[in-house]
Peer 1: 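Handing you a structure now.
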Amino acid sequence: MSVGDLGFFLIVAIALVLLAGEAVAHPSQFAQVLVFGLADGAIYALVALGYTMVYGIIELINFAHGDVFTLGAYVGATIMAFFAGASEDSFLVANLIALLITFPVVMLIMGAVNITIERVAYRPLRNAPRLAPLITAIGMSFLLEGIMFLWHGPATVHVPDLLPHGAGFQTTIGGVFISFKDVFVVIAAAILVTLLAIFINGSKLGKAMRATAQDRDASQLMGININRTIAATFFIGAVLAGAGGMIWGLYFNTITYNLGFRTGLVAFTSAVFGGIGNIPGAALGGMVIGLTAAFSDNYIGSKWTQVVIFGILIGVLVFRPTGLLGMRVPEK
Amino acid sequence: MSDQQPATDNILELTDLSKRFGGLLAVDSVGLNIKRGEVFALIGPNGAGKTTLFNCVTGLYQPTSGKVMFDGKDITGSKPHQVARLGIARTFQNIRLFDYMSALDNVRVGHHVRMKAKMWDSLFKLPRERKEEAVITEKSMDLLRFVGIARQANKYARNLPYGQQRRLEIARALATQPKLLLLDEPAAGFTPQEKVELMQLVKKILARGITVFLIEHDMKVVMGISERIVVLDHGEKIAEGPPDEVRKDRRVIEAYLGKSA
Amino acid sequence: MSEPTTVKKPGSLWARLHLRERIKDRDTAIYGVLLVVVLVWPMSTYYATGSSFLTSQAAHAGTWVLLAIGLNVVVGFAGLLDLGYAAFFAIGAYCYALFASFQLQSSPLHHAYHLPFWLMLFVGMFVAAAAGAILGFPTLRLRGDYLAIVTLGFGEIVPQLFLNLDQWTGGINAIGSIDQPSLPGWITGPWAGATSIAILPNFNFSYDPTAYYVLVVIMIIIAVVLVTNLHRSRLGRAWMAIREDEVAAAAMGINTVTTKLLAFSIGASFSGFAGAYYGASFGLVSPDSFLFVVSITVLVMVVLGGMGNITGVIVGAIAIYFVLNNVLVSLPTNAESFANAVGLGFITKTNGDWPGLAEEARRLQFLLYGLILVGMMLLRPQGLFPSRVREQELKHDAVVEEETVAEQVPAR
Ligand SMILES: Nc1ncnc2c1ncn2[C@@H]1O[C@H](COP(=O)(O)OP(=O)(O)O)[C@@H](O)[C@H]1O
Ligand SMILES: [Mg+2]
């Protein structure tokens with residue numbers, strides 16, 4: 001264990017001790033923050049997966065990914081508005097139908113959007129100077145935000161509150177308020193991450209993705225279709241981001257065109273925290289960062305949360321650049 | 001280098017040098033001594049650990065155990081730039097030039113370690129900086145001429161033909177004014193004519209008082225220029241001696257042709 | 001010809017400036033055009049528009065040119081990706097704003113400082129450089145992309161800090177009425193301005209954008225000369241070597257960590273320098289002027305102009321500034337007047353979901369900027385004026401000829 005690792009774990013340990021003290025002193029408040037943190041963290045995890053997968057395979061910080069997430073929420077809000085029978089006041093069968101249809105449709109649309117972005121904007125630059133695709137990714141981010149701005153202007157957009165909520169769907173356990181929505185977010189994210197893990201480890205395409213991330217040239221020699229594999233990575237990343245956007249929208253019920261910028265940066269931090277390129281790491285990192293944000297909001301003050309999160313980002317890279325679970329270090 | 005009192009006869013001494021990558025012992029307790037002013041060759045099948053040994057000497061890798069003595073000093077675990085400053089220069093098996101810099105600039109970078117200009121000198125182009133630049137430029141042109149590619153001085157390194165890139169890498173290494181030059185497969189991919197030229201170049205380098213330590217596969221080249229050979233197989237030293245002796249060694253033949261031979 | 005080692009002794013000023021070599025460059029043509037435009041700009045725009053608005057805009061654009069020149073050292077020369085460059089800009093600007101305004105009166109210090117601009121220019125520079133060194137020291141040992149991420153985080157933290165520490169910085173209220181620079185008496189004496197013995201124009205920073213314009217042009221010229229000197233020096237070559245191949249550079253004896261640290265700090269110092277100038281010329285420093293989009297815009301200027309090439313970067317900075325502050329800003333009014341002119345006046349009115357042409361065009365700005373970035377990168381990933389090998393060693397062509405002849409003689 002290096003000095004850096006030691007520093008890293010020391011800081012983590014101090015943070016945990018401080019939190020434990022807080023947990024003993026005010027258990028119900030602590031548990032409440034925990035619930036918020038888990039729900040946020042689950043969403044960050046979904047978005048972080050896309051960053052980590054894309055970085056793992058083509059070493060690009062895909063700045064547009066956060067906006068794909070927001071676009072998912074925008075598209076979802078629009079589609080759900082079509083279901084006239086669905087109600088925001090009580091949970092009807094129509095709500096269930098609306099959700100069951102909207103989720104996969106949004107996920108597929110976002111996958112298609114991301115494949116298109118990759119095809120049009122990134123693939124032609126795969127052998128260009130390193131900065132070119134990065135600038136393009138930033139341009140794509142502006143472009144997507146521009147589209148959403150054009151679509152609904154600068155104001156916040158309402159996402160129909162179709163999930164079960166209200167008196168019948170919430171409870172207070174030992175002073176901790178838990179709603180159905182909180183549980184829904186965590187379970188939905190857990191299901192998606194599990195499906196992803198099964199896919200990556202079990203399917204042929206998943207293996208191709210892992211092989212390409214390890215060594216692109218060798219994979220090509222082994223007969224793996226690189227273009228298809230990279231496209232699939234973008235597709236899956238966007239499917240998860242789209243679902244994340246939907247979940248965010250259903251949870252908070254308001255979105256703005258530039259939501260993806262900050263969320264994207266936080267999710268990206270999660271990916272780095274878990275060890276960029278490392279898929280379980282991104283999921284774990286998302287949860288940890290979500291919890292950290294919630295604790296910081298509560299115990300330090302929400303105006304400092306951004307400083308805390310990016311401070312963590314810098315700290316991780318200085319003390320333990322491989323992140324929590326270690327990253328894939330490409331050979332030079 | 002005649003004004004220096006050599007500490008020992010050997011310019012480079014490796015003692016029990018090992019390098020482990022996970023479960024793979026790429027270099028396994030290798031010991032060897034290179035004498036001042038000789039051409040010493042390291043051969044062995046692909047993957048034997050030759051390049052890894054070079055990397056351990058030049059500080060790109062930290063040896064797992066063992067000792068590297070250069071010119072009487074222990075340089076085990078030194079940083080690459082410290083090793084270069086002390087007087088070891090190298091070329092790379094897969095050419096590593098500064099692609100988007102001119103051939104001349106590549107060689108001028110080689111002089112970096114012997115130059116004195118500090119940031120402030122350069123910022124204001126003080127006279128001494130300008131003088132140093134002029135001298136270095138001349139020296140660099142001399143080196144390009146020495147390896148025979150002066151006419152390409154203003155071309156991007158990446159635009160030179162393969163053979164000239166190898167020469168440019170040697171010129172760049174010589175610019176650091178080394179006492180010991182490590183060449184990693186300098187004749188790889190050369191035509192017979194180019195190999196002859198390379199052998200002449202190595203002799204010219206030797207005539208400048210620089211010791212040469214090279215990795216080479218082509219036995220003709222090795223026999224033509226080097227006095228002593230070490231053979232590496234699976235990281236282990238399996239033979240050492242003059243070329244024609246080593247060539248007859250049973251273990252060496254086995255290593256190259258497989259045990260069945 | 002005498003022996004080749006005799007380089008012509010620097011005699012005349014002409015030779016000293018290496019002008020002869022420089023004129024052979026493509027870049028010199030660009031410098032020439034820029035210089036002419038810079039000289040005639042204040043007069044001709046005043047003559048054409050009757051106001052000095054365009055001059056003050058140019059003085060503002062100069063800030064961006066300075067930033068781009070500085071970031072080019074980091075990104076273009078040394079190949080280090082800095083995504084938080086605006087943080088150093090903020091540090092420079094706040095450095096000046098805090099110590100050259102009434103701000104600290106209301107801080108826990110209860111004492112306002114009014115340090116002179118010319119001093120703070122350098123203080124801002126050094127503070128930013130120091131911040132760069134502190135940030136760079138632990139992170140520059142890491143792989144390339146990590147630096148990008150660390151700087152990204154730093155760029156998010158710094159403006160937030162200036163926002164949060166409102167006791168000191170005024171937070172969201174920003175710092176206003178920042179002192180103007182003042183010139184020493186030997187320039188502003190009775191021989192300047194409108195007096196009868198005036199031989200100099202009156203450079204008064206509080207009324208006259210031309211004063212800022214002249215100041216920023218001088219700063220840019222100094223920056224260009226210094227950076228060009230660095231580029232063609234031992235240090236500049238070491239940067240490029242690291243950019244091209246860090247392992248080979250280390251094997252050539254370059255201490256990659258300190259060399260990268262120098263690039264990073266020098267780049268940051270430019271940003272600090274520009275920040276102090278910005279504080280003075282804009283007169284207002286607010287935390288939301290240093291957000292991520294500023295870092296990105298400077299990066300875009302550098303990449304679009306042609307990384308590593310100073311002229312390209314200057315042109316890139318001007319072009320992007322123009323697009324962002326003129327083309328996109330005036331798009332709504334232009335679109336509206338165009339629609340009116342061609343008899344489509346009705347689309348300028350609000351109608352149901354349609355917010356009116358001007359509003360729609362305003363909303364399009366973001367999208368267009370994105371499109372421009374993507375399009376430019378796809379069309380010219382290497383930038384408008386990529387750096388190329390300059391034929392700087394002209395004096396050696398003769399030497400090379402000589403050698404060629406010498407080589408051929410024994411062959412015959
Ligand atoms: N950085 C590294 N990480 C892991 N294994 C390595 C590394 N460098 C070399 N190796 C392994 O060490 C062995 C020796 O490689 P090398 O020294 O390049 O052989 P040679 O130069 O004799 O052909 C090979 O099996 C190679 O795969
Ligand atoms: Mg080898």
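Residue numbers start from 1 in every chain, and the chains themselves are labelled A, B, ... in the order their sequence lines are given, proteins ahead of strands. What you see is a predicted model, and the numbers here were worked out from it, not measured in a lab.
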Peer 1: Checking A/T52 side chain against A/G277 main chain: does a donor-acceptor pair fall under 3.5 Å?
Peer 2: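 Yes; at least one donor-acceptor contact below 3.5 Å.
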Peer 1: Under 4.5 Å heavy-atom distance to chain C, tell me which part of A/L125 shows up: side chain, backbone, both or neither.
Peer 2: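 Contact with chain C is through the side chain of A/L125 alone.
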Peer 1: Check whether A/L134 gets within reach of chain C through its side chain, its backbone, both or neither, counting any heavy atom under 4.5 Å.
Peer 2: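 Side chain only.
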Peer 1: Checking A/L265 against chain C: side chain, backbone, both or neither under 4.5 Å from a heavy atom?
Peer 2: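 For A/L265, the contact with chain C is made by the side chain alone.
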Peer 1: Side chain, backbone, both or neither: which part of C/L83 has a heavy atom under 4.5 Å from chain A?
Peer 2: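 For C/L83, the contact with chain A is made by the side chain alone.
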Peer 1: Against chain A, work out which of C/L364, C/V302, C/T139, C/L368 has the most heavy-atom pairs shorter than 4.5 Å and name it.
Peer 2: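 Of the candidates given, the most pairs with chain A belong to C/L364.
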Peer 1: Which atoms form the tightest heavy-atom contact between A/F273 and A/G285, and what is the distance?
Peer 2: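 Where A/F273 meets A/G285 most closely, the heavy atoms are CD2-CA, 4.1 Å.
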Peer 1: Measure distances from A/V307 to the heavy atoms of chain C and classify the residue's part below 4.5 Å as side chain, backbone, both or neither.
Peer 2: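 Backbone plus side chain of A/V307, per the 4.5 Å heavy-atom cut-off to chain C.
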Peer 1: Under 4.5 Å, counting heavy-atom pairs only, tell me which of C/L163, C/V75, C/N164 racks up the most with chain A.
Peer 2: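 Most heavy-atom pairs under 4.5 Å with chain A: C/N164.
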Peer 1: Measure distances from A/F319 to the heavy atoms of chain C and classify the residue's part below 4.5 Å as side chain, backbone, both or neither.
Peer 2: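 Neither the backbone nor the side chain of A/F319 comes within 4.5 Å of chain C.
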Peer 1: What parts of residues 151-158 of chain C touch chain A if we use heavy atoms and a cut-off under 4.5 Å?
Peer 2: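 Those residues of residues 151-158 of chain C which have a heavy atom under 4.5 Å from chain A are C/L152, C/G153, C/F154, C/E156, C/I157.
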Peer 1: Contact part of A/I147 toward chain C, heavy-atom cut-off under 4.5 Å: side chain, backbone, both or neither?
Peer 2: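 Both parts, backbone and side chain.
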Peer 1: Can you tell which part of A/I61 gets under 4.5 Å to a heavy atom of chain C, answering side chain, backbone, both or neither?
Peer 2: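 The answer is the side chain of A/I61.
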